[in-house]
4 protein chains.
Amino acid sequence: MRTVGSRGPKTMEAIMAAGVRLIYEHGYDALTLRQLAREVGLQPGSLYNYIETKQDLLVTLLRGHLTRLLVDVDQALAGVQDPLEKLRVFVEFHLMDHMVRKADVFIANSELRSLEPENRREIVSLRRAYERRLIDTLDECVAQGRLAPINTHVAAFAIIAMVTGICAWYRPDGPLTKAELVRMHTDMVFSGLPIPDEKK
Amino acid sequence: MRTVGSRGPKTMEAIMAAGVRLIYEHGYDALTLRQLAREVGLQPGSLYNYIETKQDLLVTLLRGHLTRLLVDVDQALAGVQDPLEKLRVFVEFHLMDHMVRKADVFIANSELRSLEPENRREIVSLRRAYERRLIDTLDECVAQGRLAPINTHVAAFAIIAMVTGICAWYRPDGPLTKAELVRMHTDMVFSGLPIPDEKK
Amino acid sequence: MRTVGSRGPKTMEAIMAAGVRLIYEHGYDALTLRQLAREVGLQPGSLYNYIETKQDLLVTLLRGHLTRLLVDVDQALAGVQDPLEKLRVFVEFHLMDHMVRKADVFIANSELRSLEPENRREIVSLRRAYERRLIDTLDECVAQGRLAPINTHVAAFAIIAMVTGICAWYRPDGPLTKAELVRMHTDMVFSGLPIPDEKK
Amino acid sequence: MRTVGSRGPKTMEAIMAAGVRLIYEHGYDALTLRQLAREVGLQPGSLYNYIETKQDLLVTLLRGHLTRLLVDVDQALAGVQDPLEKLRVFVEFHLMDHMVRKADVFIANSELRSLEPENRREIVSLRRAYERRLIDTLDECVAQGRLAPINTHVAAFAIIAMVTGICAWYRPDGPLTKAELVRMHTDMVFSGLPIPDEKK
DNA sequence: GATGAATGAGATTTCATTCAT
DNA sequence: CATGAATGAAATCTCATTCAT
């Protein structure tokens with residue numbers, strides 16, 4: 001007996017969507033393929049028409065998330081010249097994106113340790129590339145005197161840690177809108193950085 | 001071959017220490033009791049002289065970490081009157097503590113989802129109590145006009161997120177000393193907050 | 001090495017048959033699923049394609065035995081009008097059935113204590129329904145004056161105890177045929193009951 | 001720390017009493033020595049000051065029950081000359097005894113299969129010796145013409161099965177007194193046997 | 001593409017038993 | 001005589017994965 005209605009490409013999408021959700025809720029190790037199969041209306045064995053192994057599912061998910069993130073951040077930064085403005089755009093983009101994609105972000109941060117070494121290397125390097133966008137922007141700021149000389153690596157990690165942290169507790173039905181949260185955190189980031197006064 | 005001698009309490013400590021380390025490295029679900037037993041030189045079944053279940057191990061670990069954290073933070077804050085000074089003490093304590101206890105901190109943040117509902121409630125409420133220390137301090141600052149009116153909950157979460165984030169990448173053999181990191185982050189926290197100028 | 005071919009239903013039957021036999025020989029608690037699996041040519045884990053738990057195996061077995069027993073006894077009694085004749089039919093049916101199905105009968109009597117409370121209730125009520133057939137028949141006998149007034153519950157239990165007891169030692173290769181045993185016990189039952197003389 | 005008050009011979013008795021009760025309730029296999037130890041206020045290891053193995057506990061229990069049974073039945077029969085009277089005494093003794101010692105009787109009937117071969121042989125032969133008392137009595141009856149010629153083995157088993165069966169459902173708080181039950185069953189036994197009329 | 005049956009490895013947990021103290 | 005710590009074997013059950021149909 002074949003379940004009607006969950007065929008082909010749609011099935012693949014359903015598997016990925018359910019995969020993200022279940023890993024987010026239970027963790028990669030606690031996720032069972034039986035659970036995943038049930039969720040998308042298949043028998044466990046049938047998943048193997050779509051994924052090669054459980055590990056492969058995780059890698060595919062993380063790779064997809066991070067490549068999309070890179071594409072999107074580059075698109076957001078494209079055409080922005082002023083480095084301080086670039087910094088603002090990055091922070092705003094990161095906040096909006098991470099509030100919307102809570103689950104993807106969470107597993108990208110917490111399931112690195114579940115990756116086999118080779119896969120881990122690949123995913124970590126994608127993440128580094130993303131962080132690089134912020135470090136480069138800070139370096140530009142310093143180079144152009146828009147920021148006092150600082151350890152831009154440390155600053156970048158602190159900024160990312162803070163703004164990423166918010167996705168750990170942001171809830172769409174909470175008392176603050178996304179726009180408000182974005183403004184508040186952007187303010188904190190900017191006032192936390194040593195920006196020299198400029199002559200008007 | 002049986003290890004001779006009554007090594008009770010020492011074995012308990014060894015189990016807990018190995019437990020933290022292995023959960024930190026592999027995650028609670030990926031940790032096997034076989035592995036843990038091997039690490040402390042026991043047969044798997046012998047662990048049950050010390051813990052009731054695997055879940056019990058996790059709860060004991062987290063409960064121990066958080067109650068110690070509460071005791072220590074209260075001791076650090078004891079006697080400090082000035083609310084801005086209290087804020088500084090909290091931040092410095094948190095940073096020093098979290099850099100030293102990377103592993104405990106990490107599992108307290110990432111393994112909440114591995115707790116059964118009842119245990120989860122207990123641990124979450126301990127964590128809330130700790131966060132409460134910061135929120136209360138911020139409220140005091142605002143009440144005494146040492147801080148412009150802000151949403152102290154949001155600020156507290158942002159601060160904690162940032163300073164906790166550093167334990168994700170701090171490494172004792174890195175280029176910066178603990179003292180330097182503490183100063184840098186304390187600076188960021190304070191310059192990120194709206195502290196009115198005071199007349200001398 | 002994997003046994004080829006879809007042997008589903010046959011495997012299920014094999015599991016149930018081996019289950020009855022092994023529980024009969026060793027008892028439910030002493031039965032191990034390893035043993036059962038070996039007996040039907042599977043790996044232990046594969047049993048779980050057919051049963052949900054070990055307890056589930058026992059319940060399925062007992063439920064099957066008792067529902068079959070009820071169906072068969074009703075079929076045997078169907079159409080018999082005379083209550084004394086009904087009594088004879090019941091006793092003969094019970095004896096023949098219990099001699100043939102020694103193992104099922106034995107575990108239905110001895111493994112009730114291995115059932116979890118809910119399952120126990122279900123199985124006990126099936127057994128009560130069976131005993132009810134005999135009590136009702138005795139009541140009819142008394143009502144129609146074919147039997148002097150007696151405590152029909154006590155009589156029913158005594159009869160069942162006696163005729164069931166024989167399955168504890170009946171062996172097909174013994175010196176007495178089934179027919180002989182049936183006649184002997186039926187005689188004992190009838191002469192043990194206060195049947196008034198009837199006028200010819 | 002030593003538990004006060006459960007020392008020496010009293011401890012041995014407590015272990016045996018708890019052993020009978022727990023085996024009666026849960027079965028020999030389901031009984032754990034931990035449970036037994038808890039019940040008598042000892043640590044599991046301490047049981048080994050009193051028993052050699054778990055199997056040894058069962059054997060000791062069964063041997064004790066059966067030897068006592070033999071002693072008691074012989075005492076009851078001592079001095080009784082008339083074989084029919086002897087039969088009556090046996091049946092009455094058996095009923096009274098088995099109603100009082102439900103638990104011992106039950107495990108003697110149901111846990112034979114838990115005995116290792118050698119132990120089993122010993123216990124079975126004790127049981128045979130007890131049954132022998134009834135068979136011999138029936139043989140005497142036949143020899144003296146007090147009973148029509150019958151297969152005394154079959155009759156003995158049927159009688160024992162019936163009267164033993166009652167201990168499966170007798171409850172001290174039930175509606176019938178022990179005396180009533182004894183009379184009812186003795187009647188059934190006697191009317192079920194072919195006792196020729198005697199001229200006075 | 002999907003299923004159902006199977007594998008084989010391994011997980012947590014239980015338990016009888018031992019023995020130095 | 002009792003304890004506490006340990007063993008080692010085994011029990012039930014789970015799970016990723018395979019593959020003929």
Side-chain angles (χ1 to χ4, degrees), chain A residues 1-4 6-8 11-12 29 31-37 41-55 57, chain B residues 1-12 29-37 41-55 57, chain C residues 1-12 29-37 41-55 57, chain D residues 1-4 6-8 11 29-37 41-55 57:
Chain A
M1 207 178 332
R2 195 167 297 168
T3 311
V4 180
S6 63
R7 300 274 178 74
T11 305
M12 186 58 164
D29 274 294
L31 162 73
T32 75
L33 294 189
R34 279 163 160 73
Q35 206 182 1
L36 180 58
L42 289 178
Q43 294 297 319
S46 304
L47 289 175
Y48 286 82
N49 288 319
Y50 298 92
I51 61 173
E52 273 166 55
T53 62
K54 191 185 171 187
Q55 171 82 193
L57 170 69
Chain B
M1 205 182 329
R2 183 170 303 133
T3 311
V4 178
S6 181
R7 294 220 321 283
K10 275 181 197 160
T11 305
M12 185 58 160
D29 274 294
L31 161 73
T32 76
L33 295 187
R34 274 162 152 72
Q35 205 183 2
L36 179 59
L42 290 179
Q43 296 297 318
S46 303
L47 290 176
Y48 286 81
N49 286 324
Y50 299 91
I51 61 172
E52 275 167 55
T53 60
K54 190 184 170 187
Q55 171 82 191
L57 169 69
Chain C
M1 203 179 335
R2 184 170 301 133
T3 312
V4 179
S6 180
R7 296 221 321 285
K10 275 181 196 160
T11 305
M12 184 60 160
D29 274 293
L31 162 71
T32 76
L33 295 188
R34 273 162 152 73
Q35 204 182 5
L36 179 58
L42 288 180
Q43 295 297 317
S46 303
L47 291 175
Y48 287 82
N49 286 324
Y50 298 92
I51 62 173
E52 275 167 54
T53 61
K54 190 184 171 188
Q55 171 83 189
L57 169 69
Chain D
M1 207 180 330
R2 195 166 297 166
T3 309
V4 179
S6 64
R7 299 274 178 75
T11 305
D29 275 294
L31 162 73
T32 75
L33 293 189
R34 280 163 159 72
Q35 205 183 3
L36 180 59
L42 289 178
Q43 295 296 319
S46 304
L47 290 175
Y48 287 82
N49 288 318
Y50 299 91
I51 60 173
E52 274 168 54
T53 62
K54 189 183 172 188
Q55 172 81 194
L57 170 70

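Hydrogens, waters and symmetry mates play no part in the numbers below; they use all other heavy atoms, side chains included.
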Rounded to whole Å, how long is the line connecting atom CD of E52(B) with atom P of dT12(E)?
17 Å
For E52(B), does the CD atom have more than 12 heavy-atom neighbours from other residues, nucleotides or ligands under 6.0 Å away?
no
Taking only side-chain nitrogens and oxygens of R34(B), does any of them come within less than 4.0 Å of OP1 or OP2 of dA11(E)?
yes
If you take all heavy atoms of A30(D) and Q35(D), which pair is closest and at what distance?
O-OE1, 4.0 Å
Kindly say if Y50(D) contacts the phosphate of dC1(F), meaning a side-chain N or O under 4.0 Å from OP1 or OP2.
no
Under 3.5 Å for both donor-acceptor distances, Watson-Crick or wobble: does dT14(E) have a partner, and if so which one?
dA9(F)
Rounded to the nearest Å, what distance is computed from the CD atom of residue Q43(D) to the C1' atom of nucleotide dA2(F)?
9 Å
May I ask you to verify if any side-chain N or O of S46(A) is less than 4.0 angstrom from the OP1 or OP2 atom of dG1(E)?
no
Looking at dA20(E), which nucleotide sits across from it as a Watson-Crick or G-U wobble partner, both distances under 3.5 angstrom, or is there none?
dT3(F)
How long is the straight-line distance from OH of Y48(A) back to OG1 of T53(A), given to the nearest 0.5 Å?
7.0 Å
Starting from P on dA6(F), measure out to OH on Y48(D) and report it in whole angstrom.
19 Å
Between T32(C) and T11(B), which is nearer to the 5' end of DNA chain F once each is assigned its nearest nucleotide?
T11(B)
Remember a base hit wins even if backbone is also touched, and classify L42(C) as base, sugar-phosphate or nothing at under 4.0 Å, heavy atoms.
sugar-phosphate
Can you tell me how far P of dA6(F) sits from CG of N49(B), to the nearest Å?
7 Å
Tell me what L31(C) touches on the nucleic acid: a base, only sugar-phosphate, or nothing, going by heavy atoms under 4.0 Å.
sugar-phosphate
Would you mind reading off the distance between K10(B) atom NZ and dG4(F) atom P, rounded to a whole angstrom?
19 Å
How far does CG of L57(A) sit from CG of L33(A), to the nearest 0.5 angstrom?
7.5 Å
Please give, in whole Å, the distance from dC15(F) P to D29(B) CG?
10 Å
Determine whether a donor-acceptor pair (N or O, by modelled atom type, separation under 3.5 Å) exists between the side chain of K54(B) and the backbone of L31(B).
yes
Atom CG of L47(D) and atom P of dA16(E): how far apart are they, to the nearest Å?
10 Å
Spacing of L57(D) atom CG relative to dA16(E) atom C1', expressed in whole Å:
13 Å
Residue closer to the 5' end of DNA chain E, K54(B) versus P44(C) (nearest nucleotide):
P44(C)
